Amino acid sequence: MSGRGKFDASRRRLLKSGAALAATAAVGIAPRFLGLGHAYAEGTLAPGMVGGPWGFPGAERYQYGPDTPEGRAIEGLKALKGAGKAPDKIVMMLSEGSVGHLTKAYPAEGPTVKEVFEKETGITIEIVGVPSGQEFTKTMQDIATKAGGLDIYAVEWNRLGDLAETGGLANLDEFAEQYRPEWDDPERGYMNGAKGVSLLNKYRGSIYGVSVDGDFQTWIVRKDLFEDPAEQKAFEAEYGYPLRYPRTFAELDQIATFFHRPDKGLFGCTDLRNQGWGYTNWYQRYVSLGTPNRMLFDLEANPLINSPEGVQAATEYVKSLSYHSPDAISWGWPEQYGNMAEGGAAMTCAFSNMPKFLDNPANAGSKVTGRMDSMLPPGRELDGHLVRRSVLWLNLSASVSSQSKHPEACYLLLQWLGSSRIYSWMTANPAGYFDPFQLANFDDPLVQETYHKYQVDTIRATAERSVPTINYPGATAFHNALDENLVAACTGAKTPEQAMEDTEREWKRIVRRIGEDKLTDAIRTNAEAWPTVLDPVDA
């Protein structure tokens, strides 16, 4: 009980100090953009353009001609409208933290995404916001009860397999073939081209979703600590090598231990350890134990985690609690963001939007503005290479409900939202969670302005080194089993060895329940998207 009391006191102190910023991050709005309206000169498009935003410098970058994915989507909707085959309204479910991307103008003198779409098509978008983490539950309720209250769902990308198996999602192959979205465009499309599209939008070879997010987990550092001459001198004296951003997990553990000074309000590292979020950080330690990757399953659907590599990753995962907050097991991202805003950690691994919200001069409450930087994920020296791996996790994917009376119109809205011009404009908006993941996003000046150039470069390089989480049928059950056993290891209820053994046993049951044949196909497709990038040992 006394230990619990310390945990609570520590958490209250941190939350109190970071409450305003955590709340800001929770709604995804940076202060300087709050409450601003827009006053634009409506209707000004560049020559040859038929649609898109207007009224702010650079707006022409997001405008489009008739033979573009955006132009074809709008023209298709106009044709459906003229034929009486389009709805007056499309009901779209979104997590509350991402609604602002569509409803708040950015830059302030321009229109909103919602306004542009409604003006060009005459179709209203009704947005139903749901709390973060409840997207899958709400979607399943709509499917199971056959309520038909939603035309579009937006759910974590790796739920596509589970949802498609219920019959609750419309197959979008026919519409994509007709309207040619160009998600695999080599200059503007998804990273990894067709493989990226297959990973994010498809299940068993068919399109069931359109990606509208990034969420490659990225590593953030307090550069002021690393650049401090006194810290550099003290670290080198203790560890025998210069203080630097960690290249390996061994270095991460040493550097985090060096900076861990909880009596001074500084934790060594705050990559998450709680249920539902933390297992992504076990992923990174595990998958980097092979060249080019340590896989979760073999290609016959046999789990590989109950192995020396799985136990090593779990052991490290538990031991690293020594340089986290005492109540790290209960921390989610709001606590993590609030703590970093207070300057309370030397390093962390977070969603890629952390610098967008916290390294922001207009965010007067942040104590780390101008003091942040980011780095490639730590890795392992194996077989003459440095294996650095991160993980793609959460990443909202929008799908059309099979109960919708107008699936074609809904698909066209998603093609428009998820196409590179509109999505670049949308993800640059600091009023929401959506993160860059398309090639066009990384080169976009507005995205670079809000995310910072250093972070955009890190996101791109991290994405090239990121493995996908499980995205085949049973994804929820597989992850829950892993998650619960890792938490048991962190609390001491199980040893790391027992946690991996029990996870393997549960995974084998899930495999038998779903069927090895069905899973084998999905595992092979998933494996094709795993990275092959290896770095020099001295990188």
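Since the model is a prediction, treat every value here as computed from it, not as a measurement.
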Rounded to the nearest 0.5 Å, the CD1 atom of Ile470 sits from the CG atom of Leu296 at a distance of 5.5 Å
- prompt: Does the Thr458 side chain pair with the main chain of Tyr454, one donor and one acceptor, at a distance under 3.5 Å?
  reply: yes
Practice task
Please answer whether the main-chain N or O of Ile123 pairs with a side-chain N or O of Thr121 as donor and acceptor at a distance below 3.5 Å.
Solution key: yes
Does the plane of the ring in Phe357 sit parallel, tilted or perpendicular to the ring in Tyr337? Use 30° and 60° as the thresholds.
tilted
### Donor-acceptor contact below 3.5 Å, side chain Asp213 vs main chain Asp435
yes
When rounded to the nearest 0.5 Å, the distance separating CZ of Arg180 from CG of Asp67 is 5.5 Å
With heavy-atom distances below 4.5 Å as the criterion, would you say the side chains of Asn471 and Leu200 are in contact? no
When you measure from the side chain of Glu118 to the backbone N and O of Ile125, does any donor-acceptor pair fall under 3.5 Å? yes
Query raised in the report: Donor-acceptor pair, Ser401 side chain versus Gln403 backbone, under 3.5 Å?
Result: yes
Residue set satisfying side-chain contact (heavy atoms from CB on, under 4.5 Å) with Pro66, at least two apart, ordered chain then number -> Val50
Between the side chains of Gln455 and Ser374, does any donor sit under 3.5 Å from an acceptor? yes
### Query
Does a donor on one side chain sit under 3.5 Å from an acceptor on the other, for Asp215 and Tyr433?
no
Taken to the nearest 0.5 Å, the spacing of Gln336 CD from Thr270 OG1 works out to 5.0 Å
Do Tyr179 and Pro69 come within less than 4.5 Å of each other through their side chains, counting heavy atoms only? no
Applied to residues 399-418, the salt bridge (Lys or Arg N to Asp or Glu O under 4.0 Å) test, sequence neighbours excluded, yields none
Minimum side-chain heavy-atom gap Asp151-Val400 below 4.5 Å: no
Determine whether a donor-acceptor pair (N or O, by modelled atom type, separation under 3.5 Å) exists between the side chain of Ser95 and the backbone of Ser132. no
Sorted by chain and number, sequence neighbours left out, ring-ring contact (aromatic ring centres under 6.0 Å, His included) with Trp507 holds for Phe297, Phe478
To the nearest 0.5 Å, atom CD of Gln217 lies from atom OG of Ser390 at 6.0 Å
With sequence neighbours left out, the residues meeting salt bridge (charged side-chain N to carboxylate O under 4.0 Å, His left out) with Lys195 are none
Problem - Flag, side chain of Gln134 to backbone of Pro131, donor-acceptor distance under 3.5 Å - result: no
- Message: Is any side-chain heavy atom of Trp219 closer than 4.5 Å to one of Asp271?
- Response: yes
Notebook entry, point to check: Between Glu528 and Arg524, does at least one N-O distance fall below 4.0 Å, as a salt bridge requires?
Noted result: no
Those residues at least two apart in sequence (or on a different chain) that pass side-chain contact (heavy atoms from CB on, under 4.5 Å) with Thr137 are Gln141
| field | Donor-acceptor under 3.5 Å (Asp173 side chain, Ser206 main chain) | value | no
Residues passing the salt bridge (charged side-chain N to carboxylate O under 4.0 Å, His left out) test with Glu156, sequence neighbours excluded, are Arg159
query: Is the backbone of Gly214 close enough, under 3.5 Å, to the side chain of Asn395 for a donor and an acceptor to pair up by distance?
result: yes
In short, side chain to side chain donor-acceptor pair (under 3.5 Å) pairs touching residues 83-93 with sequence neighbours left out are Lys81-Asp88, Lys89-Glu126
Residues Gly110 and Ala105: closest non-hydrogen pair is O-CB, 3.3 Å
| task | Report the C-alpha separation of Glu120 and Lys78 in whole Å, then their side-chain angles, then the decisive distance to 0.1 Å, and conclude whether the salt bridge (charged side-chain N to carboxylate O under 4.0 Å, His left out) test is met. | result | CA-CA 8 Å; Glu120 294 186 6; Lys78 288 179 179 176; over 6 Å; no
Q.
Are the side chains of Arg188 and Arg421 in contact, using a 4.5 Å heavy-atom criterion?
A. yes
Contacts of His101 meeting ring-ring contact (aromatic ring centres under 6.0 Å, His included) (sequence neighbours excluded), chain-then-number -> Phe434
In sequence, state the C-alpha distance, the side-chain angles, and the governing distance for Tyr283 and His479, and then conclude on side chain to side chain donor-acceptor pair (under 3.5 Å).
-> CA-CA 11 Å; Tyr283 252 84; His479 282 144; 2.9 Å; yes
With distance as the sole test, does Thr68 use its side chain to make a donor-acceptor pair with the main-chain N or O of Gly65 at under 3.5 Å?
yes
Residue pairs passing the ring-ring contact (aromatic ring centres under 6.0 Å, His included) test with at least one member in residues 112-131, sequence neighbours excluded, are Phe117-Trp416
Kindly list each side-chain donor-acceptor pair under 3.5 angstrom involving residues 436-447, sequence neighbours excluded, with atom names and distances?
unit_1: Gln438; atom_1: OE1; unit_2: Asn441; atom_2: ND2; d: 3.2
unit_1: Gln438; atom_1: NE2; unit_2: Gly418; atom_2: O; d: 2.8
unit_1: Asn441; atom_1: OD1; unit_2: Phe437; atom_2: N; d: 3.0
unit_1: Asn441; atom_1: OD1; unit_2: Gln438; atom_2: N; d: 2.7
unit_1: Asn441; atom_1: ND2; unit_2: Ser424; atom_2: OG; d: 2.9
unit_1: Asp444; atom_1: OD1; unit_2: Arg61; atom_2: NE; d: 3.4
unit_1: Asp444; atom_1: OD1; unit_2: Tyr62; atom_2: OH; d: 2.9
unit_1: Asp444; atom_1: OD2; unit_2: Tyr62; atom_2: OH; d: 2.7
unit_1: Asp444; atom_1: OD2; unit_2: Leu446; atom_2: N; d: 3.0
unit_1: Asp444; atom_1: OD2; unit_2: Val447; atom_2: N; d: 3.1

*So does Asp457 pair up with Lys453, basic N to acidic O under 4.0 Å?*
yes
query: Quick one: does Trp530's side chain get under 4.5 Å of Pro468's, heavy atoms only?
result: yes
Contacts satisfying ring-ring contact (aromatic ring centres under 6.0 Å, His included) that involve residues 136-161 (not counting sequence neighbours) are none
**Request:** Would you tell me whether Asp327 and Trp331 have side-chain atoms, one donor and one acceptor, within less than 3.5 Å of each other?
**Result:** yes
### Message
Is the shortest side-chain heavy-atom distance between Trp183 and Val210 below 4.5 Å?
### Response
yes
query = When the ring centroid of Trp393 is compared with that of Phe351, is the distance short of 6.0 Å?
reply = yes
* Asked: Mind checking whether Ser399 and Ile152 have side chains closer than 4.5 Å, heavy atoms only?
  -> no
With sequence neighbours left out, the residues meeting salt bridge (charged side-chain N to carboxylate O under 4.0 Å, His left out) with Glu182 are Arg72
Exactly one candidate in Arg371, Lys367, Arg222 meets salt bridge (charged side-chain N to carboxylate O under 4.0 Å, His left out) with Glu342; the answer is Lys367
